[in-house]
Structure formats: structure tokens, C-alpha cells
*Asks:* 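Please find one structure pasted underneath; my questions will follow.
Heavy-atom basis, side chains included; hydrogens, waters and symmetry copies ignored.
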Number of protein chains: 2
Amino acid sequence: MTTDISAGSGARRGRPRGTSARELELIALRLFTEQGFDETTVDQIAAAARVSRRTFFRYYVSKSDVLWNEFDNEVESIRRLLAEMPDELPVMEAVRRAVVAANHYRAEDVPELRMRMNLLNSVPELFARAAIHYDAWERAVCDFVARRSGQPADSLYPLAVGRAVLASCRAGYDRWAACADADLPVYLDAALRALAAGFSDDVIVAEPEPGSDGHLAGTRARRSGRDRRSPTAVETRG
Amino acid sequence: MTTDISAGSGARRGRPRGTSARELELIALRLFTEQGFDETTVDQIAAAARVSRRTFFRYYVSKSDVLWNEFDNEVESIRRLLAEMPDELPVMEAVRRAVVAANHYRAEDVPELRMRMNLLNSVPELFARAAIHYDAWERAVCDFVARRSGQPADSLYPLAVGRAVLASCRAGYDRWAACADADLPVYLDAALRALAAGFSDDVIVAEPEPGSDGHLAGTRARRSGRDRRSPTAVETRG
DNA sequence: GATATATTCGACACGCTGTGACGAATATCG
DNA sequence: CGATATTCGTCACAGCGTGTCGAATATATC
């Protein structure tokens, strides 16, 4: 999206930047959480970063896009992981492994992620704008499926798979953010396994939450699901 | 959403309405198509309906919501159809039947639907705002799955199913809108059957598109790796 | 028919978003 | 030092969305 300036030989030519997309994202996240999205103006974000309002819009095209800096960068990670999957693997198996592998966050990043997700699910404007960023993510999966199935990327099945995979992952994300007592990959793995099983009745009825024996290695079973109905879950965006 | 005024005994009390949500939707659809979304101001829509700009915002909370009058009304239709499904049916089978049954449009409504979908996929702001309206649709499916599986509606599987079902349907919608040579239900049925089959490899590789017309998937099979996306498909919303 | 009540509309003001234009500021390269 | 490249700040502006308040126009009641 933005021009890459990090790498390269030495310093660039002109005036040095007064801030960064990442810094603006962090400031915005803090202000949105403290005083709400609608109550936070772009001027406030810019002032906190000691730049002008106009400069903010040079880093992000809109106020609603400011929380997506990290996410956009990870789409490339998904593409790379998918490309590295062996051809022998079934498509959905490869997709699940790639997605799960791409979502191992460090523990210290979890609080930020949860704040961000709570905002995305509670502020309609952010919730809506998310669709644009999800689109690139969907395309990464869609392109992979198209290549593996020999179909054009705009045909029915690749399109459906790309979107359905993201849909399932978002369910996993939301559940994880609501009661983050287990690792995110566990939720994603469960959601994508259910998808690959076609959400058949015998799969749906069982609660897979990490209390049961996780299919995933490294996750110890704990906490029998009495964490139901957290109010922070997907709710109230009418 | 809006207060129901259609039914009831006789006329209401106060000043009669100068327009309707439906009329504004049609005017907006025409203007958006003729001169573009960004180039159309709310004042123009309001003027074409012979009302003030303020009145427009009493019918729709935002310019981006003006195309969703019909869709929002159909969510109730989905809920009703799902509630009428016999309990013996597998969940995904019931969902597929209900969704397909709810999408039999009359032939004379097809041009409007196609114009609307082309706008939704080409205008970023409309594409984003769609998520808010899809949310109610997803919840209808989610609530049904939750009831049938005995799980709370905010747990992982109902959430994943609701979103994945919509995701598949959107793929069907888009393909249908791109080359509407077959009926919409055919595409939805194919997409939802593929979803219920877990997008397994043997299902994905076969092109199910009906009629197999020229500009559809291009051909019957193969069409190897390098697959560019059709320009009419979901595109350019950066 | 006159008055009360309910509902919608129009007009106005206002803050905020997002963009275009243009010169100033600050770095490197020759 | 001058030329060049890049970013920043300021200003102006159109458009969106909201709050407010009185006017318009229907029905209900006397």
C-alpha cells in the first residue's frame, strides 16, 4: 500500500518523516479506546503525533483505515505461506495450515489485538471499513484456490472458498477476542476444520472450545467452557 | 428499521410523506449509475425526489445506505423460511433450501439487481457499508444454527456458519451478476452445495456453472495457472 | 367548523471528513 | 554552494451528517 521506505541503502533524499503509519495507528487505537471513535477527531490523532491533519491523510486515506496497518502487511505473509504449501495437500488442508501458521502472535501483542477487535466489532464505521481490507485477504486465498483448481480467480468456487475461509476465521477471531483464554490458532484451526467438514451436523453440535482435547499440538486442555456469553462478543452494531 | 407505515387502518394523522424510502432508492440507483457515486450528492437525490436534503437523512442514515431498502426487508423472509424448515433436515440442507427459496426474483427486477450489484462491487464506500447490512442476514442464519445445535448464538460454530453461508452466497451473487445467463438460485444452490461439501478437492475442480456460456469461466475445464480476474469482478477498492 | 394533536417537512447552522493546491522545510547529490 | 527530491503545513473548499426549531398538513375531538 504505502511506499516501502524501511529497507534500502542509507537514507533517502528529502525531508525526514515526522511520524509513521504505525505510530499513528497506535495513537488512534489509544484515543479510540479511551474516548470513543466518534468522539476522536483526526485533528486529535494528528496533534498527538505532532503532525498536521493533512499529514494524517497522507498516511491513511481515511480515519477508518488507521487500525489496519499491521493487518494489511500480513496479507503478503499469507500469500507466501500458501505458495509454500506442497501440492500433495488437499486445498482446504493447505489453506488451514497456512492460515493457522500465519496467526501466531506474540503474547505481548495480544492486548493491542483485543482492543482493536473490540473496536472493530462495536463501531459500525470501522466494522464496515473492515470489508475493504478483508478483501485483499480473501483474494490471497482465492488466488491460491484458483491456481490449485485450474480455474480463473473470478469463478464461483475460488471466490466462495476465499470468502468462506475468511468468514470462518473471523468467527474464530471474534470468539478468541471475546474470551481470550486460549491461543488464537486453536480457534482458527477449529473453525477451519469445521468449514472443511462442511459444517455437518455431527461437527456442529460439539463444542470444540479448548476445554476439549485440542486437535492442535501444544495446547493443554483447561477451562471447561463456562465462559459463555461474554458481552464483548460480536454484538450491537445496529 | 423504519417505522412501518404501509399496513394499518386508514391513514395516519400528520402531514403526508413527500416521498418514500423506495423512491429514494430508485432515484439514487439511477443517479449513481448515470454519473457515479462520488459525483452524486445527496442534494441531487433529494432534489430529484422533490424533498430537502434533511429529509433524505430521515429515510436513510447515510448516503451509502440508500441501496439497501429491499435487502433489509428480505432478512425477515429468510428468518421465516428457516423457521419453517422441518427439524429432520440437516442444518446445512435446511439453510440451503431456505436461502435458495428466498432468492427467486422476478425477471423484471433483474436489471435493477444487476445495476445495484455492479455498484456495490465497484464503489469502495458502498462495498464497505454492505457489511453492516450483511450482518443482519448472517445473524438470521446464525440464530437458526444456534437453535438447531443447542448452542448460544455467539459461540464459534453458529457464528462461522452464518458468515460462511453468506460468504458463499455472495460468491454466487457476484458470479450471477457478472454473467447473468442463468437464474440466480442455480448459482446459490451450487455455492451452498460446495460449502456443505467442505469445498473438497473433487468438488472444487469441477466447474458447475450452468449453460457454460462463452464469457463465463471461459471454458469447460483446465485453463491453467495464470488467471487474471475479470474487470467486472470485485476490483479496485484500495 | 374550530381547536387540539400528531407527524412530516424545510431551513438554517454547525462540526467533521477528505482533497487539491502551493509554498516552506529539510534532507542528499553534484 | 546550488540543484534536486521528499515531506510537511497552511489554506480553502465541497460534501456529509446532525441538532434545532418552526412551518405545513393531516386526523381526532369538541
*Asks:* Can you check the Phe32(A) CZ to dC16(C) C1' distance for me, whole Å?
*Replies:* 13 Å
*Asks:* Is any N or O donor-acceptor pair between the side chain of Arg53(B) and the base of dG10(C) shorter than 3.5 Å?
*Replies:* no
*Asks:* Measure from CZ on Arg15(B) to P on dT8(C) and round the result to the nearest Å.
*Replies:* 11 Å
*Asks:* Nearest-Å distance, CZ (Arg17(B)) to P (dT7(C))?
*Replies:* 11 Å
*Asks:* From CG of Asp43(B) over to P of dG17(D), roughly how many Å is that when rounded to an integer?
*Replies:* 12 Å
*Asks:* Are Tyr60(B) and dC16(D) close enough that a side-chain N or O sits under 4.0 Å from OP1 or OP2?
*Replies:* no
*Asks:* Which comes earlier along DNA chain C counting from the 5' end, the contact point of Gly14(A) or that of Lys63(A), where each point is its nearest nucleotide?
*Replies:* Lys63(A)
*Asks:* For the residue pair Ser155(A) / Gln151(A), report whether a side-chain donor-acceptor contact shorter than 3.5 Å exists.
*Replies:* yes
*Asks:* Quick one: label Ser52(A) by what it contacts on the DNA or RNA (base, sugar-phosphate, nothing), any heavy atom closer than 4.0 Å.
*Replies:* base
*Asks:* Assign the ring pair Trp68(A) / Phe71(A) to parallel, tilted or perpendicular, where the plane angle (0 to 90°) is split at 30° and 60°.
*Replies:* perpendicular
*Asks:* Main chain of Leu166(B), side chain of Tyr134(B): is a donor-acceptor contact present, judged purely on distance under 3.5 Å?
*Replies:* no
*Asks:* So, is the end of the Lys63(A) side chain (NZ or CZ) under 6.0 Å from the ring centre of Phe57(A) and within 45° of the ring's axis?
*Replies:* no
*Asks:* Record whether the side chain of Arg13(B) comes under 3.5 Å of the base of dT5(C) through a donor-acceptor pair of N or O atoms.
*Replies:* yes
*Asks:* Measuring only between side-chain heavy atoms, which start at C-beta, is Val110(B) closer than 4.5 Å to Trp176(B)?
*Replies:* yes
*Asks:* Could you state the atom-to-atom distance from CZ of Phe57(B) to P of dA13(C) in whole Å?
*Replies:* 18 Å
*Asks:* In whole Å, what is the span from the CG atom of Asp65(A) to the C1' atom of dT19(C)?
*Replies:* 15 Å
*Asks:* Side-chain N or O of Thr41(A) versus OP1/OP2 of dC16(C): is the shortest distance under 4.0 Å?
*Replies:* no
*Asks:* Tell me: CZ of Phe56(B) to P of dA11(C), nearest whole Å?
*Replies:* 17 Å
*Asks:* Want to settle it: does Val42(A) or Arg54(A) sit nearer the 5' end of DNA chain C, counting the closest nucleotide to each?
*Replies:* Val42(A)
*Asks:* Without decimals, in angstroms, what is the distance between Arg58(B) CZ and dA24(D) C1'?
*Replies:* 12 Å
